[in-house]
There are 2 protein chains.
Amino acid sequence: MEPGDSTKQARAAAQLRKGVLEYCVLALMRDRPRYGVELLHALGESGALATGQGTVYPLLSRLRRDDLVATTWQESASGPPRRYYALTDSGRAALDEFTRVWPGFRDAVDAFLTASPPSPGDHS
Amino acid sequence: MEPGDSTKQARAAAQLRKGVLEYCVLALMRDRPRYGVELLHALGESGALATGQGTVYPLLSRLRRDDLVATTWQESASGPPRRYYALTDSGRAALDEFTRVWPGFRDAVDAFLTASPPSPGDHS
DNA sequence: GCCGGGTATCTTGCATCGCATGGAACCCGG
DNA sequence: CCGGGTTCCATGCGATGCAAGATACCCGGC
């Protein structure tokens, strides 16, 4: 997806990420602290959730503002120091809460999209 | 989910609906035209996508503005006339496009949420 | 004839979120 | 000293869900 791509597909995908990106970022921190560019790279590798710095850093600021993550500085051998983000108790609770809500949401959307497919064998 | 419920769960679910609601509404019109309250009721029965009139009617206005749906008035025996919304060719194309994008998105989120659970059998 | 309840549609103002753009600081090799 | 790579962050815009309120139609009871 090129920057500046304004196709309908790109617009649909962009709106899809709303609200989900936050919890995917939290999920990435579940096992160990991560830093900004690392998160950006991990999201990019997933394909569907690829995004830019202008999305991730404001998101991380919101997470820090709401006490869902805590940060520590750590020096790097190949560049400026990195700010590592780690889950707080509240952050882990929010992630668990989302993990509970997500399947219901996902299945509901699946149900709408696959409902009443004009199946050739349907003679109701 | 009561109106005015401001729990974390409600907030997460609210943000989740962004961008998805539009295509679920289009999906509901796939087989036959529907009217506003009917759509509202169908979304409510799904549970996870329940919403209010203040969300559905502006959404329907946008869909009409973008020529994704066409509307016709039809009288009702038990109230004011209903405006029925039907998919246009563009609307059907947008729905098909979303149907193609959604599985990749859904699986990507699933992958992040279920990745690296400290499974007891994992001895890597 | 009038009035209240149920049905149905729509508008306005607000808060939130993803994104493009731009800027700043640090390290290293030439 | 200087250019490239790495890392961080802030600002302004567009799109979207939502609560609250307004309007109009039908019917039955008084």
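Throughout, a chain's letter reflects where its sequence line sits, starting with A, and its residues are numbered from 1.
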Show the atom names and distances, to 0.1 Å, of all donor-acceptor pairs under 3.5 Å that link a side chain in residues 49-57 of chain A to residues at least two apart or in another chain.
unit_1: A:Thr51; atom_1: OG1; unit_2: A:Thr55; atom_2: OG1; d: 3.1

It should be established whether [X] places a side-chain nitrogen or oxygen under 4.0 Å from OP1 or OP2 of nucleotide [N].
X       : N      : value
B:Arg62 : D:dA15 : no
A:Arg17 : C:dG18 : no
B:Arg83 : C:dT9  : no
B:Thr55 : D:dG17 : no
A:Tyr57 : D:dA10 : no

- Can you check whether B:Leu68's main-chain N or O pairs, donor with acceptor, with B:Thr88's side chain at less than 3.5 Å?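 At least one qualifying donor-acceptor pair exists.
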
Could you state the [atom1]-[atom2] distance from [X] to [N], rounded to the nearest angstrom?
X       : N      : atom1 : atom2 : result
A:His41 : D:dG5  : NE2   : P     : 15 Å
B:Trp73 : C:dC10 : CH2   : P     : 5 Å
A:Glu75 : D:dT7  : CD    : P     : 14 Å
A:Tyr23 : C:dT16 : OH    : P     : 13 Å
B:Leu59 : D:dT16 : CG    : C1'   : 9 Å
B:Arg65 : C:dT11 : CZ    : C1'   : 15 Å
A:Gln15 : D:dG14 : CD    : C1'   : 9 Å
B:Leu63 : D:dT16 : CG    : P     : 9 Å

- Task: Quick one: closest heavy-atom pair of B:Ser76 and B:Pro80, and the distance?
- Result: CB-O, 3.6 Å

- Write down the atom of B:Phe112, the atom of A:Ala42, and the distance for their closest heavy-atom approach.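 So the two residues come closest at CZ-O, 3.9 Å.
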
- Would you say the base of C:dT16 and the side-chain of A:Lys18 have a donor-acceptor pair closer than 3.5 Å?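 Side chain to base: no pair below 3.5 Å.
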
- How are the rings of A:Tyr23 and A:Phe98 set to each other: parallel, tilted or perpendicular (split at 30° and 60°)? parallel

- Does a salt bridge link B:Arg17 with B:Glu22, judged by any charged N lying under 4.0 Å from a carboxylate O?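 Between B:Glu22 and B:Arg17 there is no salt bridge, as every charged N stays at least 4.0 Å from the carboxylate O atoms.
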
- Pairs satisfying salt bridge (Lys or Arg N to Asp or Glu O under 4.0 Å), at least one member in residues 70-95 of chain A, at least two apart: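 Output for this query is empty, none listed.
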
- Task: Using a 4.0 Å cut-off on protein heavy atoms (strictly under), produce a 5'-to-3' string for nucleotides 22-30 of chain C with B for base contact, S for backbone-only sugar-phosphate contact, and - for none.
- Result: ---BBS---

- Task: For B:Leu60, answer base if it contacts any base atom (sugar-phosphate contacts may also be present), sugar-phosphate if it contacts only those atoms, and nothing otherwise; contact means non-hydrogen atoms under 4.0 Å.
- Result: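 If one applies the 4.0 Å heavy-atom cut-off, B:Leu60 turns out to touch nothing in the nucleic acid.
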
- Query: Which part of the nucleic acid, if any, lies within reach of B:Tyr85 when heavy atoms closer than 4.0 Å are counted: base, sugar-phosphate only, or nothing?
  - Reply: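 Sugar-phosphate contact only - B:Tyr85 comes under 4.0 Å of backbone atoms but never of a base.
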
- Message: Just to verify, which of B:Leu26, B:Val25, B:Leu60 counts as forming a side chain to side chain contact (heavy atoms under 4.5 Å, CB included) with B:Val69?
- Response: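 Answer to the side chain to side chain contact (heavy atoms under 4.5 Å, CB included) test with B:Val69 among B:Leu26, B:Val25, B:Leu60: B:Leu26.
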
- Minimum-distance nucleotide (side-chain atoms of B:Pro58 versus C:dT11, C:dC19, D:dG17):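 Looking only at heavy atoms from C-beta outward on B:Pro58, the closest nucleotide is C:dT11.
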
- Message: Of the listed nucleotides (D:dT7, D:dC18, D:dA15), which one gets closest to any side-chain atom of B:Thr51?
- Response: D:dC18

